[in-house]
Amino acid sequence: MKLHDYIYLLILSIVTLYIWYPLTSLVLQWESYTYLNWQAYHYIFSSTWVSLANFDVQSMLTGAILANLFGLNMSPYFWVEIVSILVINICVYFLVKTLTNNSLTAFFASFIFAVYFFGIGFFVPNYYATFLQRVILNVPLLLVSFLFLHRFLAEKKAKHYGYSILLFFVSILLAHFGIFLTIPILLYPIFTEITRKLSFRSFFRGLFISSPYAVSVLFFLLIQKLWGEQFGPKQNILNFFNFLTHTEVYLDGIARQLVYMSQYPTVIDALKSGYYPLAFSDPISTYKFVYPILLTYVIAFLVVWIKGKKYRALLLTVVSGLIIGLLSNIYLGRFDVLHDAGANRYYYYPSFWWAIFWSLVLTVIRNKKATIIAGSIVLGYFFINAALFRFYFSDVKRNSVPTIKLSEYIVRNYHRLPPDSLVIVGPSAYFGPYETTFFTEQIGQKKNILFRTEDVSYGDWRTLASTSAHLVTLTYDKSCACVKEESPR
């Protein structure tokens, strides 16, 4: 570590805190409580072996810990999230520094990744459960695994290979969804070997090095299929090869996703016109940028390939990882890739490789004049993304006001609720079944107080009302922007 490394990491930390600090003024909403509720996480303790076969080991484990540590205090949940985001950003820095032996490239990659807006979905308040499920522990472990794999390929020390395989295995054990982030690790040894010497022997040597990682992936896919919940198409592998024959579907889908991931021209147009940054974030407005953006990617690839020969293995790895990640989005059908423009949580994993790709581009075009241009581009990229984050969090905060006021009212006043009360909270759009379950577990059990959401379609509380000693209703009233409490009896 040299002085410039500390400076880069300090900048990265400040930027991360600046981008994500608004989270701390929000509250969790709806499905965010999934793994903070006992009914979701108790399986890790009561049916441990079966739980280990499922995809959500880390979410049950971390959910149980956080719920018991923080209870109804919302801010610490989001600080855990911010710290996790920062740890991942730092891991990206050290990974890319190890892969390229270049601190500036590492800074470019981690900075581009840290402020990238369009993969935000895992980290928003109503997706906190997804953050626990797919990010919090497994992603840092997987990035460090990649780091040790490179060190093994460079130094041929068996201990690095062992560390890498172990961390890889644990990462996938904790969160099977991390499999979608593993493609570059599987491919990197192959590309490393064949770029050193193009031969069948090199290919098979790389394939052999990759085999423990591939076996780990297949193992977890198998136990997921046997004992866990299915999270992909239920067809066999032959259907995937049949899918690959429909080039018109996935080529267009990949191109559209690349445009949606890089739709900064439409954001700039919106900001220049005085509109909301994502005002033009739709398939029609972005379609005109398909060919220019694709041409930019092709030129950027060729520039790195020609000018950065020592980066060719990494270039092939990240481009393959990015394309296969986008292809997976199409095959799994998680969203309509042709028409769902804008931010999307399924761009989060591909954005790792997207950021490294552009960091390589910025690295190889360096000279005195180009460095100034690159710095200006990165700075402009930061301001655009910062604007996107600010507008986004402003909207979330405004829409969360009813939930915040209901939550704060309950926390302030629950001590005066009589025992054996049934508390009906609404409207359900602001305080739903996940919230009521969480609040019942956290503060209701001591005095046998049950919280239920207003809409009976989420659970008919009317039968309970006839047997409860006390009935209390808490309703958010838009006319006064306040919570009204009534006690019918």
Side-chain angles (χ1 to χ4, degrees), residues 6-29 32 74-96 106-128 130-132 134-136 139-140 143 260-264 266-268 270-271 276-278 281 342-356 358-359 362 374-400 404:
Y6 289 107
I7 294 173
Y8 290 150
L9 291 173
L10 178 62
I11 294 172
L12 193 62
S13 301
I14 293 171
V15 166
T16 301
L17 292 174
Y18 174 78
I19 290 289
W20 293 101
Y21 181 75
L23 277 174
T24 61
S25 64
L26 302 176
V27 294
L28 299 173
Q29 295 175 274
S32 295
M74 291 288 122
S75 182
Y77 291 101
F78 292 112
W79 275 113
V80 168
E81 186 169 2
I82 292 170
V83 170
S84 175
I85 293 168
L86 178 58
V87 168
I88 291 169
N89 295 342
I90 291 172
C91 285
V92 171
Y93 178 86
F94 283 109
L95 170 62
V96 178
F107 175 68
F108 280 147
S110 54
F111 186 87
I112 290 170
F113 176 76
V115 304
Y116 180 67
F117 172 78
F118 291 101
I120 190 176
F122 283 157
F123 302 103
V124 297
N126 53 337
Y127 277 117
Y128 195 82
T130 315
F131 155 69
L132 296 181
R134 309 186 191 186
V135 177
I136 185 170
V139 170
L143 295 175
Y260 297 154
M261 287 185 71
S262 317
Q263 56 186 283
Y264 294 103
T266 61
V267 174
I268 294 171
L271 291 172
Y276 176 76
L278 296 179
S281 184
N344 193 304
R345 68 183 186 270
Y346 292 106
Y347 295 148
Y348 178 69
Y349 283 169
S351 68
F352 282 92
W353 321 123
W354 183 86
I356 296 174
W358 286 111
S359 73
L362 293 172
S376 301
I377 291 172
V378 171
L379 195 60
Y381 171 82
F382 166 72
F383 284 123
I384 292 172
N385 280 280
L388 286 166
F389 274 103
R390 288 296 152 184
F391 275 101
Y392 176 81
F393 282 127
S394 176
D395 277 353
V396 172
K397 181 66 178 288
R398 183 172 60 253
N399 295 328
S400 300
I404 293 172

Quiz item: What distance do R390 atom CZ and I19 atom CD1 have between them, rounded to the nearest 0.5 Å?
Solution: 6.5 Å
Practice problem: Write down the atom of I112, the atom of L362, and the distance for their closest heavy-atom approach. | Solution: CD1-CD1, 4.1 Å
Quiz item: Could you state the interatomic distance from OH (Y349) to OG (S351), rounded to the nearest 0.5 Å?
Solution: 10.5 Å
Quiz item: A109 and A355: which non-hydrogen atoms are nearest, and at how many Å?
Solution: O-CB, 3.5 Å
Quiz item: Any cation-pi pair here, R345 with F131, using under 6.0 Å and within 45°?
Solution: no
Exercise. To the nearest 0.5 angstrom, please state how far the OG atom of S75 sits from the CD1 atom of I82.
Key: 7.5 Å
Quiz prompt | T16: side-chain hydrogen bond (donor to acceptor under 3.5 Å, both in side chains) partners, not counting sequence neighbours | solution = N89
Quiz item: Under the 3.5 angstrom rule, does the side chain of S13 hit a backbone N or O of L9 as a donor-acceptor pair?
Solution: yes
Quiz item: Less than 4.5 Å apart, any side-chain heavy atom of L388 and any of F118?
Solution: yes
Self-check item: Over all atoms of both residues, closest heavy-atom pair of S110 and V92
Solution: CA-CG1, 3.8 Å
Exercise. Begin from the C-alpha positions of F383 and L379 and carry the test side chain to side chain contact (heavy atoms under 4.5 Å, CB included) through to its verdict.
Key: CA-CA 6 Å; F383 284 123; L379 195 60; 3.6 Å; yes
Self-check item: Mutual orientation of the aromatic rings belonging to F352 and Y348 [parallel < 30°, tilted 30-60°, perpendicular > 60°]
Solution: perpendicular
Quiz item: What distance separates I85 CD1 from W20 CH2, expressed to the nearest 0.5 Å?
Solution: 4.5 Å
Exercise. Over all heavy atoms of both residues, which pair between S262 and W354 is shortest? Give the atoms and the distance, please.
Key: OG-NE1, 3.4 Å
Quiz item: Just wondering, do L12 and Y8 contact through their side chains at under 4.5 Å, heavy atoms?
Solution: no
Quiz item: What pairs with S400 under side-chain hydrogen bond (donor to acceptor under 3.5 Å, both in side chains), at least two apart in sequence or on another chain?
Solution: Q29
Quiz prompt | M261 backbone acceptor or donor facing Y116 side chain under 3.5 Å | solution = yes
Quiz item: What class does the angle between the rings of F382 and F111 fall in, given that below 30° is parallel, 30 to 60° is tilted and above 60° is perpendicular?
Solution: tilted
Quiz item: Is the backbone N or O of I356 less than 3.5 Å from a side-chain atom of S359, with the two atoms forming a donor-acceptor pair by type?
Solution: yes
Quiz item: Do F389 and I120 have side chains that get closer than 4.5 Å, going by heavy atoms?
Solution: yes
Quiz prompt | Beyond-backbone contact of M74 with I404, side-chain heavy atoms, under 4.5 angstrom | solution = no
Self-check item: Side chain to side chain, Y77 and L28, heavy atoms closer than 4.5 Å
Solution: yes
Self-check item: Heavy-atom closest contact (V96 atom, A106 atom, distance)
Solution: CG1-CA, 3.6 Å
Quiz item: If we only count heavy atoms from C-beta on, is the F117 to I384 side-chain gap below 4.5 Å?
Solution: no
Practice problem: Show your reasoning for whether side chain to side chain contact (heavy atoms under 4.5 Å, CB included) applies to I88 and F113. | Solution: CA-CA 10 Å; I88 291 169; F113 176 76; 3.9 Å; yes
Quiz prompt | Non-hydrogen side-chain atoms of L26 and F393 separated by less than 4.5 Å | solution = yes
Quiz item: Between F78 and Y21, does the ring centroid distance fall short of 6.0 Å?
Solution: no
